[in-house]
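Everything on this sheet refers to the single structure shown next.
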Amino acid sequence: MTGRELHWNKGASETQVRIEESGGHGIFHIGEQAIPFVVRGQGWLEVNGRNIRYYVHRDRNEYSIWIDGRTYRLTRIQKGAHALEQAGGASGEVRALMPGKVLRVEVAVGDTVKERQPVVIMESMKMESSLPAPKAGAVIAIECAPGQIVEMGTLLVTIE
Amino acid sequence: MTGRELHWNKGASETQVRIEESGGHGIFHIGEQAIPFVVRGQGWLEVNGRNIRYYVHRDRNEYSIWIDGRTYRLTRIQKGAHALEQAGGASGEVRALMPGKVLRVEVAVGDTVKERQPVVIMESMKMESSLPAPKAGAVIAIECAPGQIVEMGTLLVTIE
Amino acid sequence: MIRKVLAANRGEIAIRIFTTLREMGIHTVAVYTDPDAHALHVRSADESIRIESYLQPDEIVSAARQAGADAIHPGYGFLSENTSLSTACEAAGITFIGPRTDTIRRMGDKLESKRLMEKAGVPVVPSWDRNPHDSEFPVLVKAVGGGGGKGMRLVEEPSQLAEAKAAASREAGKAFGDDRVFVEKYVRNPRHIEFQILGDAHGNAVHVFERECSIQRRHQKVIEETPSPALTPGLRARMGDAAVAAAKAVGYVNAGTVEFIVGPDGRFYFLEMNTRLQVEHPVTEMTTGLDLVREQIRIAEGNPLSFTQSDLRQTGHSIECRIYAEVPEEQFRPDIGTVAVYRPPSGAGVRLDSGIEENSEVGFHYDPMLAKLVVWAGSRSQAIHKMQRALSEFVLLGVRNNIDFLHRVISHPEFGEGKIDTHFLERHSALLRPATEEVPVEALLAASLSSARTPAVTGSATAAFTDVWTSGPWRIS
Amino acid sequence: MIRKVLAANRGEIAIRIFTTLREMGIHTVAVYTDPDAHALHVRSADESIRIESYLQPDEIVSAARQAGADAIHPGYGFLSENTSLSTACEAAGITFIGPRTDTIRRMGDKLESKRLMEKAGVPVVPSWDRNPHDSEFPVLVKAVGGGGGKGMRLVEEPSQLAEAKAAASREAGKAFGDDRVFVEKYVRNPRHIEFQILGDAHGNAVHVFERECSIQRRHQKVIEETPSPALTPGLRARMGDAAVAAAKAVGYVNAGTVEFIVGPDGRFYFLEMNTRLQVEHPVTEMTTGLDLVREQIRIAEGNPLSFTQSDLRQTGHSIECRIYAEVPEEQFRPDIGTVAVYRPPSGAGVRLDSGIEENSEVGFHYDPMLAKLVVWAGSRSQAIHKMQRALSEFVLLGVRNNIDFLHRVISHPEFGEGKIDTHFLERHSALLRPATEEVPVEALLAASLSSARTPAVTGSATAAFTDVWTSGPWRIS
């Protein structure tokens, strides 16, 4: 009955949980709380006598959980690690958040930018979206050009 | 390009088919016909330029195929073999078609019965259904009693 | 004000009740038996309580007490027309969402209800102790002492009556020890047409028009619609008046249904009164805009009806098809299994009241009705076309069902012409099987693609074990 | 008689068009581009033809020729309001299901359409070459030569007008080489209210009441409803008359929409005319019982309208929510992915027009609208409760979407009071994120159960690759 230990990240805060389960009955440890639960079937839990119907979709370490009419998002992380996305965000790299076309590059190499200042304007699904600078600094590299079709995750601009 | 050979049973007739496929394109041989087809995606075929959306559910050798707004049932068999159900049907065994309760046994050991004559009356899902004799003959064994709860497939009566 | 309601039912009707309750901001409580532990209706409620049986009023009431529910909705079937539940509710101080116990009792007694209706001027099937007038033929000779067809004779001509009575009397004497017989009007090829009624605790009562329920198999309704193709505005008004008179005769409170049979000559007779919400209530909702469960709650709270008869209107046409887990081709035997693929139709004018979803288990413990598919359109012929479209889009695999059969029935030319009565399916027994048993080559191709790399199972075992290997559209890998 | 129709569109609107065509017994043809090769709309048609682009009229017309289609339905967007498609249809002898080319052209020219409407007595936003009367303030000073906000000034007080005109004139001169300016009425906090119109080739025209479309983000509608909470019967009648006058002024044939802005003072002004079926047409269908696509087909066949203005009635209340693949919390950026779980709501009063099903791919090539959820109920407040119920039952995982956001918007007290205008979402920007970011303990538990035996992925890669590991409810094994 040692159970599994898991670490979740939601926004900036990290939560450690422990789950003990045997034969559909278990206890969920979170902070000081120990919450008994029953696995009632596929996508169905009972907690404190309340039925909870849920759906979980997982995409790598990103989990979407539909529960009680709302969808929540959680990132599973290694113990003590920062969220993956956060780690990437601090690096000064501006990457395409989705596949699409580069419409405009709003900065030039050598420019000084403020945090959140728009750097690249992209078009995806007929809509424009603006990619902001993840931090203040100087533009040291531009790796895309207007009109270019880029994949999701492509490095577009680097700020130092 | 030798392809796979399959045997299907629908009612009393047996159909042999051969399927050749490579990279989503293929030819379906049935009788004298050779029908080109394209696998367009999950549950989607193109035959003679027509889109065909389908769903298949398989339960052992029994296939249900939803296509063009209708559901068809096929049994896959070994080459030259009779359908499993038919083989069973000819044997003189009366089995429960679904779980339920035996309400009445309409025959006694030694009785002579005609083909299709009701032998056992069962209740399932609050409805009565009558199990007929699969062939004419004499009742040689009764293996159930009124009030008994039986599983699907349980042997109830044998006719010889 | 009702704040928390327990639905003493299961399947689609429990879910349908929860839906309105949720829209009214009322908390919901489900009950379930062991076979239903994983059923969709349990997951659709805010909380749920395990019981031994849906037929034990004491258990239902203590579940309501445990959950702190202040009212119980009985749905249809089970204890809905049993005074034991309404009585137990009264004793426990819990609101029963239905008529008064006294009404349930009196309408449950088929002889008393007939006498009461006759007194209120509602037409009932005429009967005579002696000989009826020649114009009343055909008639039935029936035994006073019993039923089940014994001592019963259909008499077409007045000249045959004396002999039939003598024969029936002899048969009845032997069967029941009572040789008295009487003569009753015989209605040939009757339609089953019922009227929805609503009554409040303040003495108001209205009818919410008719439902035509003539398409039946095993004396159970399969397809219902409104308006009835058989009613003229005049006949509708007269039957509606009779339904309201019936409601007022018993001081009816809450939603109920007055069932009539209607002969080909347009004469109608009271059959019985159902003191609950009907399975087929959605067609009334689709054509009038009312939410009958909402009206039930409001009436149970003591509110007067918020409309009068002249506020109610029928608009367009609605048809309901009951989706059963059954095999029409094999004497409608029920089927069980796991719902492997479930893609119900949607879009304009389509309503689905469902008790299942993909992966639901259909067992043999309860009624095999899985869902109700309801359509609305501007006219009857458009509604038929919409139902054809919806049924032909409905994918349900894993449990054998009547979807293809329903499509054949509503596509029959005589259904299209509205020539329906309670013998429709007997008369058109060819509908029980498809016009052609031929499997199209595309279906063979799809099955062949799906059977891919696995060998055929051999051996002599009956292929009757449900062992689901694949579900959903087969994936090309 | 039209026997075969090609829908020159994709997604939910192509499927919605096919639905009515199938109910009318008309054959259906889909077109698709490579990114849409596996899209649901392609599978929903009888046959389909590959094209390079939905924007090439010649390709569309030759696809129709190849399939033997005798008519083309343009849907909305793409070529629906482009004369190139209607012209190509005329040349090929194929029926274009929409207005005459001449109407599309004249209504597409925003200046000509305004002049034409003014002549027909339809109120347009007033403008003055010189100074307006004091009572007309606030006003806008605008440049004759250009747009984009340059040379534009909002003037609240008459005393500020001269200075504003001088400044705007200087700015316009520099920007466009033309320093002429004019003064236009400024409508503060306007509502966007449009009227559905139908006209036939025989000169008949009616309006089918209004749609309130004030809830917008990025100038795109998100929630639409009818009736508008802002219209009195008198104002509705006057606006309806104006819409019919607009239709008659251009001899309008087929379905169209007259868009108005309405000020808080109840004064209304013609904005533009949309010469096609609107995205939000279902709310009109739900409250009037018409099938607008059916009416479009019948009109295109040359039939006169089968009803007059006085035959049309509004009943109850309908709301539509557009389900987008977008992240409202991140400036509504679109999202892409695979629809891993799709359990849309159903039941009484719920209509879903969907372009996707489980396993559908949502790409970045086209508009991120996935489906339209439409409800009907007897009153506006009941319709809001029904929409809340339906949204909270809607499960859509695998692609981020606006379902939770829509629930927050319709649950806002000012939405409930009908206090909506086109600045609603700007004014209530708190709606862009949930009231609390806290994840309930049950969600953590569900995720923890689902993460079962697999280790967390480590490394520095951006977690942006869509690699679906599980779909559907996680199975306890």
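Please read all numbers here as calculations on a predicted model, not as lab measurements.
- At distances below 3.5 Å, at least one donor-acceptor pair connects side-chain atoms of A/Trp66 with backbone N or O atoms of D/Phe394.
- Residues D/Leu444 and A/Tyr72 fail the side-chain proximity criterion, which asks for heavy atoms closer than 4.5 Å.
- Not one N or O on the side chain of A/Asp59 forms a donor-acceptor pair closer than 3.5 Å with the backbone of D/Gly398.
- Two residues are said to be in side-chain contact when any heavy atoms from C-beta on lie closer than 4.5 Å; D/Arg400 and A/Thr71 fail this criterion.
- The side-chain heavy atoms of D/Pro434 and A/Arg70, taken from C-beta on, include a pair separated by under 4.5 Å.
- The structure places CD of D/Glu442 at 8.5 Å from CG of A/Leu45, a figure rounded to the nearest 0.5 Å.
- Taking both residues in full, the closest heavy atoms of A/Ile67 and D/Ala446 are given as CD1-CB, 4.4 Å, listed atom of the first, atom of the second, then distance.
- Side-chain contact between A/Ile35 and D/Val441 is present, with heavy atoms from C-beta onward closer than 4.5 Å.
- For a residue to count as touching a neighbouring chain, one of its non-hydrogen atoms must lie under 4.5 Å from one of that chain's; by this rule A/Arg50 touches chain D with the side chain only.
- The candidate with the highest count of non-hydrogen atom pairs below 4.5 Å against chain D, out of A/Ile65, A/Val47, A/Asp68, is A/Ile65.
- Sparse packing is recorded around CD of D/Glu438, with 12 or fewer heavy atoms of other residues, nucleotides or ligands lying under 6.0 Å away.
- Ranking D/Val439, D/Asn401, D/Val395 against chain A, the residue ahead of the rest is D/Val395, based on heavy-atom pairs under 4.5 Å.
- Within the model, atoms CZ of A/Arg58 and OG of D/Ser451 stand 7.0 Å from one another, a figure rounded to the nearest 0.5 Å.
- If you check the side chains of A/Trp8 and D/Ser448, you find a donor sitting under 3.5 Å from an acceptor.
- Of the inter-residue distances, the one linking A/Phe28 atom CZ with D/Leu445 atom CG reads 5.0 Å to the nearest 0.5 angstrom.
- For D/Arg10, the salt bridge (Lys or Arg N to Asp or Glu O under 4.0 Å) criterion is met by D/Asp36, not counting sequence neighbours.
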